[in-house]
**Student:** 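Structure below; questions to follow.
A quick note: this is a predicted structure, and the numbers were derived from the prediction, not measured. Lettering follows sequence order; numbering is per chain, from 1. Side chains are part of it too, since the values below use all heavy atoms of this structure and drop only hydrogens, waters and symmetry mates.
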There are 2 protein chains.
Amino acid sequence: MLWSVSSRSQEPASPVRRLLLDEAARVLAEEGPAALSARRLVKAVGASTMAVYTHFGSMPALVREVMREGVERFLGRVDAVAPGTDPVLELTELCRVYQEFARAEPDVYAVMFGGSTLAGFELTQGDRQMGVALLRHPRDAIRRCIASGRFRADADADLLVRQLFVQMHGLAQLAHAGYILGIYGPDDVLAGLLRDFAVAAGDDPERAARSVRSGLG
Amino acid sequence: MLWSVSSRSQEPASPVRRLLLDEAARVLAEEGPAALSARRLVKAVGASTMAVYTHFGSMPALVREVMREGVERFLGRVDAVAPGTDPVLELTELCRVYQEFARAEPDVYAVMFGGSTLAGFELTQGDRQMGVALLRHPRDAIRRCIASGRFRADADADLLVRQLFVQMHGLAQLAHAGYILGIYGPDDVLAGLLRDFAVAAGDDPERAARSVRSGLG
DNA sequence: CCGCAATCCATAACGGCGTTATATCCATAA
DNA sequence: TTATGGATATAACGCCGTTATGGATTGCGG
C-alpha cells in the first residue's frame, strides 16, 4: 500500500498497540459496547486482524487492557480528593467523584465492576482486587470520621465501606440504565444516601446534612 | 409423505413458542448469557432458525419475553410477602426475597435492570415501568413504617424507596460479580444496610436490629 | 369437493464476528 | 552474509443474527 509513505516517517515504528487501545476506548465511549469489534478496530488503524492477536492475544485481553487503564483514571480521580478538616465532607467528595467517573465513562465502569461481559471478557480475581483497591481511600476517610467523633466509636469501617460501595455502585448502574425516574433524580438519591449513611453511622443529622450539601454543591 | 407422523400425535400442534422460551430460560439460568443463541435454541427444540422469527421477530424480542416472565416471577415472590404487625420486619423480608431472586436468577435479573445487553436487547421505557412497579410494595411498607411511628413523620417514602432500590440493586450486582470479598459476605452487608436504613429513617437502633435479624433469619 | 389465502417452517444464503494457519516481510544478531 | 524471530497481510473456519425463497399444511368460502 503506502510503503514509501511509511518509510518516509522518521518516527519509531507505529505503536499499533497504543492506537488500538485508544481507538477501543474511543469507540466504547462514543458508540457503546455493541460497536466494539476487532475487525472495526483494525480497520480504523489500518491494520489486519492479526494486530489484535500479536499485541493482546485475544479480544477479551484487549478489553482487559482498556479496563485497566480505566481503573487508573478512576484511581487518579479518587486520589485527587484531598483530606481536610471535615472527614464527612471528604467522604462526600469521594462519592461525588465516584459518580462523576461512572457518568463520564459508563461503559468502562460497567466492565470494571462486572456489569458487562463485552466480547466474552470476564473479570479475574486480580481484576477484582484492583477494583477493591479503590475502597482504601474511602475506608480511611470513614476511619477519620470515627476518630474525629463524627461516627460512633464502635462503628466498623470495613463493613461501612462495603455498604457505601454497594450504594455507589447501585446508583451508578441504575442511573445509567435509566431506572432513576420520577421527581427524584440521581443527585437527589445520592444526597439522601450520603446523609442517611452518616446519620446511621452516628453523625449529627444537621451536621451530616451540611457536610453532604457542601461536598455535592 | 402420507405416513404423516404428525397425525399420530393427539396433542395440539407443538407450541414451539413455549418450547423456545423455556429452553432460553433454561440455557440462561444454567450456562449464562454467552450460551444463548438462536441457532442453539432452535436446534434444542428441533426447529430451524425461522422459528425464532415467526414467533418473536428477532432475538432481542425473544430475550424481552424471557425478561417479562422473569418480572412476573419476581412480582410473585414480592407479593407473597404478607403485611404484619412489624413494618420494618416486612421491609426486611421484601429485601430478602429481592436478594433471593437476584441470587436464584442472576442473569434474568441482570437483563431486567439493564446490567446486561444480551444479544443486542435494550430496555424500553415500558420495560423500566414494569421494573419500577416492583417498588410499590416496599414503598407501601415504608409508609406503614412512617404511619406506625417507627420512621420519622417527615420521612419521604418516595425518596427512601429509591435509596433502598439502589442498595438492593448494588448488592445484588456486586455479589454476583464476586466483588463482596473479605470477612464480610453479602448477607452481612445486607444486614448492615437494612439496619442503617431503618436507623437513619428514625427507627430505634435496637428495635431496628431486632426486626432485621428476625426478617433475615 | 375445489381453490385460495394465510401461516408455519426448512433450506440456503449474506454479512459480520472472533480466531487461527500460513506465508511473507524486515530488522537485527551472529 | 546469513540466520532468526517478531510483526503483519491474506485467507480461511466456524460461529452469530437475519432474511429471501419456496414448499407444506391448514382453514375456509365457493
**Student:** Just how far, in rounded Å, is C1' of C:dT7 from CZ of B:Arg17?
**Tutor:**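 Rounding to the nearest Å, CZ of B:Arg17 and C1' of C:dT7 are 15 Å apart.
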**Student:** For the CD atom on A:Glu122, are there more than 12 heavy atoms of other groups (residues, nucleotides or ligands in this structure) within a distance under 6.0 Å?
**Tutor:**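 Incorrect, the count does not exceed 12.
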**Student:** Any side-chain donor-acceptor pair under 3.5 Å between B:Arg96 and B:Gln99?
**Tutor:**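 No, no side-chain donor-acceptor pair sits under 3.5 Å.
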**Student:** Mind telling me whether B:Phe165 and B:Tyr98 have parallel, tilted or perpendicular rings, with 30° and 60° as the class edges?
**Tutor:**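 The arrangement is perpendicular - the two ring planes meet at more than 60°.
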**Student:** Is any N or O donor-acceptor pair between the side chain of B:Ser48 and the base of C:dA10 shorter than 3.5 Å?
**Tutor:**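 Indeed, a donor on one side and an acceptor on the other fall under 3.5 Å apart.
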**Student:** Applying a 3.5 Å limit to both distances, which nucleotide forms a Watson-Crick or G-U wobble pair with C:dA30?
**Tutor:**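 Check on C:dA30: paired to D:dT1, both distances under 3.5 Å.
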**Student:** Is a donor-acceptor pair below 3.5 Å formed from side chain B:Thr49 to base D:dT19, judging by atom type as modelled?
**Tutor:**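 Flag set: donor-acceptor pair detected.
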**Student:** Whole angstrom is fine here: how far is it from CE in B:Met50 over to C1' in D:dT18?
**Tutor:**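 Rounding to the nearest Å, CE of B:Met50 and C1' of D:dT18 are 10 Å apart.
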**Student:** Kindly check if the number of other-residue, nucleotide or ligand heavy atoms within 6.0 Å of CZ (B:Arg26) is above 12?
**Tutor:**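 It does: B:Arg26 CZ has more than 12 such atoms within range.
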**Student:** Separation of B:Phe56 atom CZ from C:dC9 atom P, in whole Å?
**Tutor:**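 Taking CZ of B:Phe56 and P of C:dC9, I get 11 Å after rounding.
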**Student:** Does D:dT8 have its OP1 or OP2 closer than 4.0 Å to a side-chain nitrogen or oxygen of A:His55?
**Tutor:**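 Looking at the OP1 and OP2 atoms of D:dT8, one of them is under 4.0 Å from a side-chain N or O of A:His55.
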**Student:** Can you tell me the distance, in whole Å, between the OH atom of B:Tyr53 and the C1' atom of C:dA12?
**Tutor:**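 B:Tyr53 atom OH is separated from C:dA12 atom C1' by 15 Å.
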**Student:** Nearest-nucleotide wise, let me know which of A:Ala51 and A:Arg39 is further upstream toward the 5' end of DNA chain D.
**Tutor:**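 Its nearest nucleotide lies further toward 5', so the answer is A:Ala51.
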**Student:** Would one find a side-chain N or O of A:Ser37 under 4.0 angstrom from OP1 or OP2 of C:dC17?
**Tutor:**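 For C:dC17, OP1 or OP2 has a side-chain N or O of A:Ser37 closer than 4.0 Å.
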**Student:** Can you tell me the distance, in whole Å, between the CG atom of B:Leu62 and the P atom of D:dC16?
**Tutor:**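 Rounded to whole Å, this separation is 14 Å.
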**Student:** Rounding to a whole Å, what distance do you find between A:Lys43:NZ and C:dG15:P?
**Tutor:**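 Atom NZ in A:Lys43 sits about 13 Å away from atom P in C:dG15.
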